[in-house]
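Accompanying notes for the structure given below.
Both backbone and side-chain heavy atoms feed into the values below; hydrogens, waters and symmetry mates do not. Order of the sequence lines sets the chain letters (A, B, ...), proteins ahead of strands, with each chain counted from 1.
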Number of protein chains: 2
Amino acid sequence: MEPPAPPRRVTIVDVARHAQVSTTAVSKVLRNAYGASPEMRAKVRRAIEELGYRPLAAARGLRGQTYTIGVMLPDIRNPFFPEILDGVTGCLEATDYQVLLGPGCNGEKEEARVTEAMIDRGMDGLILVAPVSPRPHLEHVAAVVPTVVVGRHGHSPAYDSVGDDDVTGAALVVGHLAGLGHRRIAHIEHHETDPTRSVEMPNAQRADGYRRAMRDLGLDQEIDVVSTTYTQQGGYEGARELLSRARRPTAVFAGADIVAMGVLEAVAEAGLSVPGDISVAGYDNTTFAALGPISLTSVDQAGSEIGRNAARLLLERIANRGKPSVQVSLSPTLVTRRTTAAPPT
Amino acid sequence: MEPPAPPRRVTIVDVARHAQVSTTAVSKVLRNAYGASPEMRAKVRRAIEELGYRPLAAARGLRGQTYTIGVMLPDIRNPFFPEILDGVTGCLEATDYQVLLGPGCNGEKEEARVTEAMIDRGMDGLILVAPVSPRPHLEHVAAVVPTVVVGRHGHSPAYDSVGDDDVTGAALVVGHLAGLGHRRIAHIEHHETDPTRSVEMPNAQRADGYRRAMRDLGLDQEIDVVSTTYTQQGGYEGARELLSRARRPTAVFAGADIVAMGVLEAVAEAGLSVPGDISVAGYDNTTFAALGPISLTSVDQAGSEIGRNAARLLLERIANRGKPSVQVSLSPTLVTRRTTAAPPT
DNA sequence: GTGAAAGCGCTAACAA
DNA sequence: TTGTTAGCGCTTTCAC
């Protein structure tokens with residue numbers, strides 16, 4: 001029978017005693033703070049090594065920092081988000097900071113619960129990816145803890161923001177399809193219920209970018225938008241509606257890859273072929289899109305670049321909370337694959 | 001210029017003063033602990049409400065619990081893991097515990113960093129999903145903090161484990177394919193480098209289950225295993241090898257859905273059709289599998305059930321650290337879709 | 001450059 | 001049932 005009592009943790013006091021110095025000295029070494037001679041540092045480092053000491057983040061947090069960065073992702077299932085996360089962790093792994101994620105949260109309520117939980121755990125900074133909460137809530141969070149908002153248009157003096165230019169992304173798709181000879185290019189958008197939030201959300205920007213690009217190409221008359229949701233089901237239903245049109249579109253620009261999946265399904269079900277009868281393009285360049293059997297043309301947001309920027313800005317803001325807020329907008333690129341081609345003649 | 005100084009947090013002392021009681025009383029109410037009259041509870045609750053007080057988890061952790069559960073996922077990209085997570089959060093959302101995730105970690109080193117970070121942050125319990133660390137490390141972790149290991153065979157007195165029966169899962173696939181009339185059923189496995197770990201990993205169990213099922217059906221002579229990795233690339237390469245066989249298999253059982261994606265690609269590239277020329281089945285029933293254009297036959301592990309069990313066991317262990325360890329093994333089910341059919345005649 | 005001592009917000013003994 | 005008090009492990013004045 002082994003003792004179920006967990007072995008007492010090595011504390012800063014143990015290290016101090018072992019190194020024959022004060023706890024203050026140890027603390028200084030831990031934080032690379034000013035006021036410790038090289039010899040002292042060496043002594044302390046050795047003691048830490050020998051004792052296998054690791055500082056307790058919770059205790060540190062009570063006075064200083066917890067060295068923890070919280071990342072909130074709206075939906076772990078969306079394969080786009082891991083890209084962002086890679087960028088964040090990549091930028092942070094050389095530092096003393098550790099990243100922890102909130103569990104996927106859909107609605108506003110869930111989102112608030114997660115952000116509050118992170119604040120309550122003394123996190124040093126937060127990265128909120130595509131949050132749906134109203135702006136005031138975001139600003140409230142940002143007032144309490146350094147915050148970077150990712151993937152949401154509309155800037156705030158309270159937090160930094162990073163995102164890609166969805167209008168440009170939509171234009172890339174429309175331009176590509178038009179270049180192939182398409183004119184009847186339809187779009188499936190995510191229907192935004194909350195009008196105040198609307199303009200800040202990427203989906204609205206994509207639909208907007210689609211309309212503008214169509215107009216710029218003189219295709220005003222061909223603008224055709226179906227409002228559903230950014231889900232596979234939404235794509236399926238949207239495509240069914242589009243396929244039943246008298247003048248069927250020859251190309252569909254789905255606002256997200258997952259939507260394009262539903263479109264592909266509906267098209268196959270209708271006995272039509274892609275891209276022979278109809279071209280399909282998505283947005284996000286998710287893992288789905290790259291899958292061999294799918295091979296979907298899609299817009300790449302450079303997720304890891306977004307994540308890297310978010311992490312960098314957050315570190316800067318932690319270092320200097322007073323600094324003016326920054327907005328970074330990255331340019332998306334188009335990845336053409338096998339679902340787009342010239343329209344049937 | 002608004003004051004960049006974050007507003008001082010409301011503490012338990014503020015609540016106590018506002019409610020005209022001691023901090024102890026407030027603490028008791030917070031923890032639903034014994035020794036507070038109903039009137040006192042009401043008073044305190046009201047004060048908490050009025051002041052918008054929320055306890056600081058880090059400070060609580062210094063003496064008691066942090067009310068935080070850490071979940072380690074090996075790879076956020078794998079769409080199977082969110083299912084587990086749903087089960088975990090579903091089981092925990094009614095409690096005071098909050099779930100936080102580690103960022104996806106591939107190797108042993110990353111895994112150790114994440115588990116240590118969670119321990120250092122005073123987490124009350126850990127759920128490790130498909131860890132690759134050697135057993136001794138897992139037992140070391142479990143000695144320090146209540147731990148549940150998910151998706152790894154091989155039991156330990158130090159921690160509870162939850163998983164599905166991969167041998168049965170493999171048998172389901174082989175049985176299904178044999179029932180359709182297939183005899184030349186090949187398998188693509190993940191090559192395990194570490195021999196000691198080997199037997200505990202699901203991939204080894206699946207390969208083992210495949211071999212046993214084939215023998216049980218009298219198909220010893222047809223056993224055909226290709227060793228690559230559980231990646232799309234691995235599936236592609238494995239399939240290329242299988243397709244080049246003199247006696248080409250009529251069905252491929254890929255050890256994971258992502259592997260099946262690579263197989264589908266290779267098959268299409270070879271100008272063969274699925275399931276007309278060759279049947280393909282995967283494992284995990286990921287979101288991929290359900291996608292309309294893919295529609296892959298796959299084994300469903302009931303991920304959310306696994307997660308629910310893990311969370312339940314963890315709560316039990318937190319409540320009673322001394323209790324004997326438990327192993328839960330769930331039965332997988334087969335989801336048949338459009339990639340499997342009778343072999344060509 | 002160094003260390004003693006106070007205290008972060010909370011919980012757990014213990015006393016009343 | 002209630003309140004007083006002493007820490008938890010660490011950082012931070014502020015003396016020396």
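When the nucleotides dT11(D), dA4(C), dT2(D) are ranked by their closest atom to the side chain of S22(A), dA4(C) comes out on top. Of the listed nucleotides (dG9(D), dC10(D), dT11(C)), dC10(D) has the atom at the smallest distance from the side chain of P55(A). In this structure, the nucleotide among dG3(C), dC8(D), dT11(D) sitting nearest to the side chain of L62(B) is dC8(D). If you check dT2(D), dC10(D), dG1(C) against the side chain of Y34(A), the one that comes closest is dG1(C). Side chain of L56(A), nearest nucleotide from dC10(D), dA12(C), dC10(C): dC10(D). With dT11(D), dG1(C), dC10(C) as the choices, the nucleotide that has an atom nearest any side-chain atom of T23(A) turns out to be dT11(D). Nearest to the side chain of T11(B), among dG3(D), dG9(C), dC10(D), sits dG9(C).
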Review point. Can T95(B) and L92(B) be said to form a side chain to side chain contact (heavy atoms under 4.5 Å, CB included), step by step?
Key: CA-CA 5 Å; T95(B) 72; L92(B) 254 33; 4.2 Å; yes

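Rounded to whole Å, atom C1' of dA12(C) lies 12 Å from atom CD1 of I12(B). Computed from coordinates, the M40(B) CE to dG3(D) C1' distance equals 9 Å when rounded to whole Å. If you measure from atom CG of D120(B) to atom P of dC8(D), you get 19 Å, rounded to the nearest angstrom. Rounded to whole Å, atom P of dC10(C) lies 10 Å from atom CD1 of I48(B). Taking atom CG on L30(B) and atom P on dC10(C), their separation rounds to 8 Å, with Å as the unit. Residue Y53(B) contributes atom OH, which lies 3 Å from atom P of dC10(C) at whole-angstrom precision. The separation between R17(A) atom CZ and dC10(D) atom C1' is 15 Å, rounded to whole Å. When rounded to the nearest whole Å, the span between CZ of R60(B) and P of dG9(D) equals 18 Å.
The minimum heavy-atom distance between L73(B) and F81(B), with the atom names listed, is CD2-CB, 4.0 Å.
Counting heavy atoms from C-beta outward, H153(A) and S161(A) have side chains that stay 4.5 Å or more apart.
Of the residues near DNA chain D, A59(B) and K28(B), the one whose nearest nucleotide (by heavy atom distance) lies more toward the 5' end is K28(B). For the pair R63(B) and A36(A), both in contact range of DNA chain C, the more 5′-proximal nearest nucleotide belongs to A36(A).
Within 4.0 Å (heavy atoms only), S27(A) reaches at least one base atom of the nucleic acid.
Of the possible polar contacts, none joining the D75(B) side chain to the G104(B) backbone as a donor-acceptor pair under 3.5 Å is found.
At a cut-off of 3.5 angstrom, counting only N and O atoms as typed in the model, there is a donor on one side and an acceptor on the other between the side-chain of T24(A) and the base of dA4(C).
Ionic pairing of R113(A) and D120(A) is not present here: no N-O contact between side-chain nitrogen and carboxylate oxygen is shorter than 4.0 angstrom.
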